[in-house]
Student: 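Let me give you the structure first, and then I'll get to my questions.
Note that the numbering runs from 1 along the sequence shown for the chain.
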Amino acid sequence: LRVPVAQDLEIKGEIAFDVPAEIERLDTSLGIGPMFCWTPAATAGLKAMIFYLSRNSACTKAYSTTMQRSTPDIVIGLKEWNSFSMRRVGDKLTYEINDRPIATLVDLNQLELDSDQGLIGFSAYRLPVGSSARIRNVSIRKITAAELAPKASPQTAGALPPSPGT
């Protein structure tokens with residue numbers, strides 16, 4: 001996508017992995033995910049990746065220039081199509097996979113985001129020949145700070161918000 005980044009945005013859609021059995025047995029990780037602040041001359045940008053583990057599971061995290069400065073790895077169940085929502089307001093990030101909150105109000109300074117400029121796009125990680133990832137129903141819209149918190153879902157309805165300072 002050649003969409004310039006502006007603060008206060010949400011990108012959402014769905015991702016599916018097509019990984020043949022012979023590739024699945026390889027000891028390698030592969031992933032794909034949406035990203036903000038991507039520049040063609042650099043690999044930097046804010047990524048919310050889904051890393052394929054097996055037909056039914058994956059792990060996910062958000063990071064910028066290095067995976068060592070990231071949100072924690074979280075194992076998730078994979079579906080045929082996996083919904084994602086990545087929201088940024090100011091210097092805060094919230095994202096969800098399959099309606100499950102993964103990162104809520106993360107300070108982008110912790111992820112060492114080096115630029116507020118760039119494009120919105122998708123990042124692929126070690127996608128081997130013979131496998132593919134499909135993306136559909138992508139939408140991008142401006143949001144407000146009130147929309148940054150995760151939406152209530154069956155998993156989060158009635159859950160208490162995190163304590164201040166956590």
Student: Apply side chain to side chain contact (heavy atoms under 4.5 Å, CB included) to residues Phe17 and Leu30 and explain how you reach the verdict.
Tutor: CA-CA 10 Å; Phe17 289 94; Leu30 57 112; 3.9 Å; yes
Student: Could you check whether any side-chain N or O of Asp107 sits under 3.5 Å from a backbone N or O of Asn109, counting only pairs where one atom can act as donor and the other as acceptor?
Tutor: yes
Student: Between CE of Met49 and CD1 of Ile15, what distance do you get to the nearest 0.5 Å?
Tutor: 8.5 Å
Student: Provide the full list of salt bridge (charged side-chain N to carboxylate O under 4.0 Å, His left out) pairs with a residue in residues 63-81, sequence neighbours left out, each pair given once.
Tutor: Lys61-Asp73, Arg69-Glu112
Student: With rounding to the nearest 0.5 Å, note down the distance linking CD1 in Ile74 to CD1 in Ile50.
Tutor: 12.0 Å
Student: With a 4.5 Å limit on heavy-atom distance, are the side chains of Arg88 and Asp8 in contact?
Tutor: no
Student: Find out whether Ile32 and Ile135 are in side-chain contact, i.e. whether some heavy atom of one side chain is under 4.5 Å from a heavy atom of the other.
Tutor: yes
Student: Working to the nearest 0.5 angstrom, can you tell me the gap between Thr71 OG1 and Tyr95 OH?
Tutor: 4.5 Å
Student: Step by step, would you call Leu111 with Leu93 a side chain to side chain contact (heavy atoms under 4.5 Å, CB included)?
Tutor: CA-CA 10 Å; Leu111 302 179; Leu93 168 75; 4.3 Å; yes
Student: Can you name the side-chain hydrogen bond (donor to acceptor under 3.5 Å, both in side chains) partners of Thr144, sequence neighbours left out?
Tutor: Glu147
Student: For Ser132, what residues pass the side-chain hydrogen bond (donor to acceptor under 3.5 Å, both in side chains) criterion, not counting sequence neighbours?
Tutor: Asp18
Student: Check Leu108 against Gly90 and note the closest heavy-atom contact, atom names and distance.
Tutor: CD1-O, 4.0 Å
Student: Can you name the residues that form a side-chain hydrogen bond (donor to acceptor under 3.5 Å, both in side chains) with Asp91, not counting sequence neighbours?
Tutor: none
Student: Got a second to check how far Ile97's CD1 is from Glu14's CD, nearest 0.5 Å?
Tutor: 11.5 Å
Student: How far apart are the C-alpha atoms of Arg87 and Lys12, what are their side-chain angles, what is the distance that settles it, and do they pass the side chain to side chain contact (heavy atoms under 4.5 Å, CB included) test?
Tutor: CA-CA 8 Å; Arg87 297 184 295 282; Lys12 64 182 183 176; over 6 Å; no
Student: Quick one: closest heavy-atom pair of Ser54 and Leu78, and the distance?
Tutor: O-CD1, 3.5 Å
Student: Regarding Tyr52 and Ser131, do their side chains bring together a donor and an acceptor under 3.5 Å, going by distance alone?
Tutor: no
Student: Return the minimal non-hydrogen interatomic distance between Pro34 and Ile11, and the atom names on each side.
Tutor: CB-CG2, 4.1 Å
Student: Would you say Arg55's side chain and Val19's backbone share a donor-acceptor pair under 3.5 angstrom?
Tutor: yes
Student: State, to 0.1 Å, how close Thr104 and Pro101 come at their nearest heavy-atom pair, and which atoms those are.
Tutor: OG1-CB, 4.1 Å
Student: Less than 4.5 Å apart, side chain to side chain, heavy atoms only: is that true for Trp81 and Asn137?
Tutor: no
Student: Please walk me through it: do Ser139 and Arg141 pass side-chain hydrogen bond (donor to acceptor under 3.5 Å, both in side chains)?
Tutor: CA-CA 7 Å; Ser139 66; Arg141 68 183 183 101; over 6 Å; no
Student: Quick one: are Ile120 and Met35 in side-chain contact, heavy atoms under 4.5 Å?
Tutor: no
Student: Grab the two heavy atoms, one from Ser64 and one from Lys47, that are nearest each other, plus how far apart they are.
Tutor: O-NZ, 3.1 Å
Student: Between OG1 of Thr94 and CE of Met86, what distance do you get to the nearest 0.5 Å?
Tutor: 10.5 Å
Student: Once side-chain hydrogen bond (donor to acceptor under 3.5 Å, both in side chains) is applied, do any residues pair with Gln110, and if so which ones, sequence neighbours excluded?
Tutor: none
Student: With sequence neighbours excluded, what pairs up with Tyr63 under the ring pair (Phe, Tyr, Trp, His ring centres under 6.0 Å) test?
Tutor: none
